[in-house]
Amino acid sequence: MRLLVVVCALIGGWMSAASEASAQTSYTLWCRGGGDRQQMVVSTNVDASGRVNTSFQISFDRMSTSATAATPPARGECSWLDRPLNGAENGIIRGSFPNVSTSSTLDGGRLTVIDFSGAGDGVRALQTLFNAYRDGRDFRVEVYNDGSVMQVTRVQ
């Protein structure tokens, strides 16, 4: 598993994906972390009201079948519960987590710690996602396809 952390600070102009996501119908994607894919903090932004938001992204491989108890995802894979992903469904999960900031510790150029802090459910959701992916465990997210990536509306 590769972990890439890219942190940028931007002032203003941030629009939370949560308000856009609430208008979309979301479906459960079952995934298993690990494999040779990548997770990253895309950005940490401060909106006009001073609220910190973190955008997080995970790349994954598509399973060739639907995910079931008999055929769970392998490391680094995801699938819908009722069918495999199709070619128009990108292998990237991205979520915007309001009121979450990140900090990382590097030792000799190697990432040793990443810490998520803030208020509300976003911290727990992002930490759950990060840890499950890093540790190669199963996780489920409710997402919708925005035409570019699978946008997270809820971490289960």
Side-chain angles (χ1 to χ4, degrees), residues 1-49 51-63 66-67 73-104 111 114-156:
M1 174 193 57
R2 294 175 289 158
L3 176 66
L4 174 65
V5 177
V6 179
V7 180
C8 306
L10 302 173
I11 304 297
W14 178 261
M15 182 171 177
S16 172
S19 60
E20 295 170 23
S22 62
Q24 299 290 327
T25 301
S26 297
Y27 301 93
T28 301
L29 196 60
W30 182 359
C31 304
R32 175 163 295 153
D36 192 26
R37 302 301 284 179
Q38 183 179 81
Q39 65 177 338
M40 72 175 109
V41 173
V42 178
S43 62
T44 298
N45 301 289
V46 179
D47 66 18
S49 68
R51 185 174 69 173
V52 176
N53 299 283
T54 294
S55 181
F56 187 74
Q57 178 174 297
I58 294 173
S59 300
F60 65 90
D61 294 318
R62 294 177 189 87
M63 283 183 65
S66 59
R75 292 176 63 83
E77 289 185 338
C78 294
S79 185
W80 302 118
L81 302 179
D82 62 343
R83 65 172 176 83
L85 282 94
N86 65 45
E89 296 168 324
N90 198 317
I92 298 173
I93 298 167
R94 184 176 296 152
S96 178
F97 298 86
N99 300 314
V100 177
S101 60
T102 61
S103 62
S104 56
L111 178 70
I114 187 164
D115 182 49
F116 302 101
S117 59
D121 293 334
V123 172
R124 180 203 53 79
L126 188 49
Q127 193 70 56
T128 296
L129 219 100
F130 177 82
N131 289 339
Y133 194 85
R134 179 195 62 203
D135 298 340
R137 291 184 279 124
D138 285 4
F139 62 93
R140 294 182 191 205
V141 288
E142 292 178 21
V143 298
Y144 69 92
N145 183 0
D146 74 359
S148 170
V149 298
M150 299 296 183
Q151 287 289 341
V152 174
T153 57
R154 182 172 167 250
V155 177
Q156 296 184 355

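Bear in mind the structure is a predicted one, so any value in this text is a computation, not a measurement. For the single chain, residues carry numbers from 1 onward in sequence order.
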Side-chain contact test, heavy atoms from C-beta onward, threshold under 4.5 Å: evaluate it for R51 versus P98 and give yes or no. yes
Looking only at heavy atoms, what is the nearest atom pair of [X] and [Y], with distance?
X    : Y    : result
N86  : E89  : N-OE1, 2.7 Å
G122 : F97  : O-CD2, 3.8 Å
V141 : V143 : CG2-CG1, 3.6 Å
G118 : V123 : N-CG2, 3.5 Å
W80  : T28  : CE3-O, 3.3 Å
Y133 : S59  : OH-O, 3.1 Å

Working for side chain to side chain contact (heavy atoms under 4.5 Å, CB included), residues L29 and L85: CA-CA 9 Å; L29 196 60; L85 282 94; 3.9 Å; yes
Mark yes or no for whether [X], through its side chain, and [Y], through its backbone, hold a donor-acceptor pair below 3.5 Å.
X    : Y    : value
R94  : S148 : no
R32  : P73  : yes
Q127 : R124 : no
S26  : E142 : no

Interatomic distance, [X] atom [atom1] to [Y] atom [atom2] [nearest 0.5 angstrom]:
X   : Y    : atom1 : atom2 : value
F56 : L126 : CZ    : CG    : 5.5 Å
N99 : S117 : CG    : OG    : 11.0 Å
T25 : N145 : OG1   : CG    : 12.5 Å

Regarding S55 and S96, is there a side-chain donor-to-acceptor distance under 3.5 Å anywhere? no
Worked verdict on V155 versus F139 for side chain to side chain contact (heavy atoms under 4.5 Å, CB included): CA-CA 8 Å; V155 177; F139 62 93; over 6 Å; no
More than 12 heavy atoms of other groups within 6.0 Å of D146 CG: yes
